[in-house]
Every structure is written in structure tokens, then in C-alpha cells.
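Okay, so here's the structure we're looking at.
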Number of protein chains: 2
Amino acid sequence: MNLTEAKKQFIQTWGTLGSEWGINRTMAQVHALLLISPNALCTEDIMEQLNVSRGNANMNLRELMNWTLINKELVPGDRKEYFVAEKDIWEIARIIARERKRREIEPVLKVLNGLKEVEGDQSDKELKAFTETINNLSNFVGKMDKSVDMMLKADENWFFGTILKMIK
Amino acid sequence: MNLTEAKKQFIQTWGTLGSEWGINRTMAQVHALLLISPNALCTEDIMEQLNVSRGNANMNLRELMNWTLINKELVPGDRKEYFVAEKDIWEIARIIARERKRREIEPVLKVLNGLKEVEGDQSDKELKAFTETINNLSNFVGKMDKSVDMMLKADENWFFGTILKMIK
DNA sequence: TTAAACTTTCAATTATTTCTGAAAGTTTAT
DNA sequence: ATAAACTTTCAGAAATAATTGAAAGTTTAA
């Protein structure tokens, strides 16, 4: 397989994976494109290589900046903005974990903890089932949350080393 | 807060989380409803409690069965099918991990490994960047995959115990 | 200033996903 | 056999999400 074909396939695959995980397909594709680019790209490059409009390119670049997955890079003597992706995969994983924790896990945990306060007849079967599920879930999601905190502090080798040692 | 209100909020929250993670909102809501139900529910119950059509209820129940997150339960003397959810949160987490691994991680890993074979001029900057990213990514995704395997075999307490011990 | 170069916005359009509900299919009891 | 009870299917409708592109906004150089 040649490079052009391989790039195309990678960008397409990454886009599909993104949308299966609730991330805008184009955002994932822009990210993929920048991940494999040896040098910074400008909006025009992205529009051209992915066949998307200026508005779409701009919006997804902005969103990737929000996630801190990409950075602006200034090219001396050029007014355009260029973009580069963070290339370290472990760092990328941490960024994504951090953001999803903040945007999704933490709010859910808050709701679950609030739902522990539900009042009513303690001998009611419905209430008992509800309370038990909420307690188990909030306990579990709490541990997930802590695990992400752990990962955010950890070194890649230690992290995988610990998890993988049992099946090495 | 009373039980009725709390249930509503839980179902709504779980549905939102589901769609943020690429799972159909209604499927997540049906799952949530069954998770907090002390007894098995039939299609009618679900249609009524979630205000969805028969077709929608049926399709999502079927899909939850595919995931093995719920099971049919037969009530003697009743021709209707009733459904119960697996209640053990660790077991649920493993089911979801297993299914997402199979449906999403494994196919991507296959593509990434295929993309290592790309041919071309080894001194080309573009090719070098591409190859390096693909190698790093396939290495990382491979470790993720193995970690999921590990989790699938592990006991909940051991798993979280190991991960959490550093920040306890 | 001002005009060219560039970025951002957003209303309208297009694409994608999900949902509905009635019809078709299946199973069971008699 | 047949009819009632129940489940599944699927074409069209509705809802949601993503995209376009032109206009408005901003920055910079001269």
C-alpha cells in the first residue's frame, strides 16, 4: 500500500472510531490528519485534504484547541495560523481522559450522589432497589473517577506495567 | 426528593451519558429503567414508562439482549416476555468493555497493523511521520486491548485495589 | 486609513440517526 | 384449524447533528 492510500484509510478509520465514541467525525479526522503530518498545517490545507468547508474546518480546529489536542504554531513571515497536534500518544490519552472526566464523569457523579438523598418508605421494594443501584453505581463511577486521576498522574510504563503484569 | 422524581432524573442522566458515549439514548434509558426495577418488566411497561413506541422499545430491548446486558424472564402463566437487567455493576462494566473491545478496538487494531506495511521511500519525511504515529498508536491501542483482557479476567477488588493503591 | 489577508459566525441546507405505528409474522391455547 | 396474544419488521416521519458558504469581524502592513 502506498502512503496516499494509507493516509486516507487512517483518517477514515479514526473518524469512524471517533463517531462510535461520541466525537464528531470531522473533528477526529482533522486530528488524524494533524497526527500524521510532519509539519504544521493551515486551515486551507485541512479544507483541501479533507474536502470540508472553511466553516467546518475552523469550528473543528477550534474544538481541538479547546481539548488542547492541538496548538497554534506561528510561521515567521506568514500571517496564517498553522496547527500542530500533540504527538505523544500517552499525553493524548491523558488529555482525552481528563476532558471526558471533567465533561461527563464528574457531572454524572454529582447527580448520582444527589440521588442518594431520595426520601420515602424504606420498606418499599421499589425504593430499596433504586437506592441499591444508585449506591453501587455511584461507588463504581467514583472508583472510575479516581482511577482516571491516578492515570493522569502516572507514567505510561508504570501504568501499563502494573495492569499488564498479570498476563505478560 | 421523591422516588418518582429521582427515577426520572436517573433515567434522563443515564440516557445523556449514553449518547455522549455513542450509545443510543433510548437504549441507555431502557437499561437505566431495568437497572432500578426490582422486578422484570414487559414491553408495555417500558413503552409506558419511557413514552416510546412499541417498535422502539422492541428494537432497544433486542439490542440490550445482544449486548447481554439484559435477559428474558418467563413468568409462569403469562405469554408475554419480561426483561431483567444484570444488576452487578462490575459485571455490567465487563460486558460493556468486552463488547466495545470486540466491536471497536479490535477492528481498529487490525487496520493499524495493516497500515504498518505501507511502502515507500524511507527518507521521505511524510512517510517517516506516518509510520511513527501508526507504530505508536498501534502499540498503545494494543496495550489498551490487553488491559481490557486483563480487566475481563480480574476481580473487581483486585482491579481497583491495584489502580487505586497509589492515591489511597 | 485603508485594503488585503485572514478568521469567525451563523442562518439555511444537508446528512444522519432515531422513532413511529401499522402491517406482517409468530406462537400458543383451545 | 383458528383466533387471540404477542413480537418483529420496516417505510416513512421526525428529530438531531453536522456542514456549507457568504457575510461580518479582526488584524496587519504600508
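Chain A is the first sequence line, chain B the second, and so forth, proteins listed ahead of strands; every chain is numbered from 1.
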Rounded distance (Å) that lies between atom [atom2] of [N] and atom [atom1] of [X]:
X: Leu74(B); N: dT7(D); atom1: CG; atom2: C1'; result: 14 Å
X: Asn58(A); N: dA18(D); atom1: CG; atom2: P; result: 16 Å
X: Glu20(B); N: dT17(C); atom1: CD; atom2: C1'; result: 17 Å
X: Ile23(B); N: dT16(D); atom1: CD1; atom2: P; result: 19 Å
X: Lys80(B); N: dT27(C); atom1: NZ; atom2: C1'; result: 15 Å
X: Asp45(A); N: dC6(C); atom1: CG; atom2: C1'; result: 14 Å
X: Glu44(A); N: dT8(C); atom1: CD; atom2: P; result: 13 Å
X: Arg62(B); N: dT18(C); atom1: CZ; atom2: P; result: 14 Å

Whether over 12 other heavy atoms sit under 6.0 Å from Met59(B) CE: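 No - once you tally the heavy atoms of other residues, nucleotides and ligands closer than 6.0 Å, there are 12 at most.
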
Can we say Arg103(A) and Glu20(B) salt-bridge, meaning some charged N sits less than 4.0 Å from an Asp/Glu carboxylate O?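 No, this pair does not count.
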
Salt-bridge criterion met for Glu132(A) and Lys87(B) (N-O under 4.0 Å):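 Salt bridge: no.
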
In terms of side-chain heavy atoms, does Asn139(B) have a donor or acceptor partner in Asn135(B) at a distance below 3.5 Å?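 Asn139(B) vs Asn135(B): no donor-acceptor pair found between side chains.
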
Side-chain donor-acceptor pair present, Gln12(A), Thr16(A), cut-off under 3.5 Å: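 Yes, a side-chain donor-acceptor pair sits under 3.5 Å.
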
Could you check Ser19(A) against Tyr82(A) and say which one's nearest nucleotide on DNA chain C is further toward the 5' end?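 Its nearest nucleotide being more 5', the pick is Tyr82(A).
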
Protein-to-nucleotide contact annotation, 5' to 3' order, nucleotides 19-27 of chain D [B base; S sugar-phosphate only; - none; under 4.0 Å, heavy atom]: SBB-----B

In chain order, what residues pass the side chain to side chain donor-acceptor pair (under 3.5 Å) check against Glu44(A), with sequence neighbours excluded?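 Partners of Glu44(A) by the side chain to side chain donor-acceptor pair (under 3.5 Å) criterion, ordered by chain and then number, come out as Arg54(A).
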
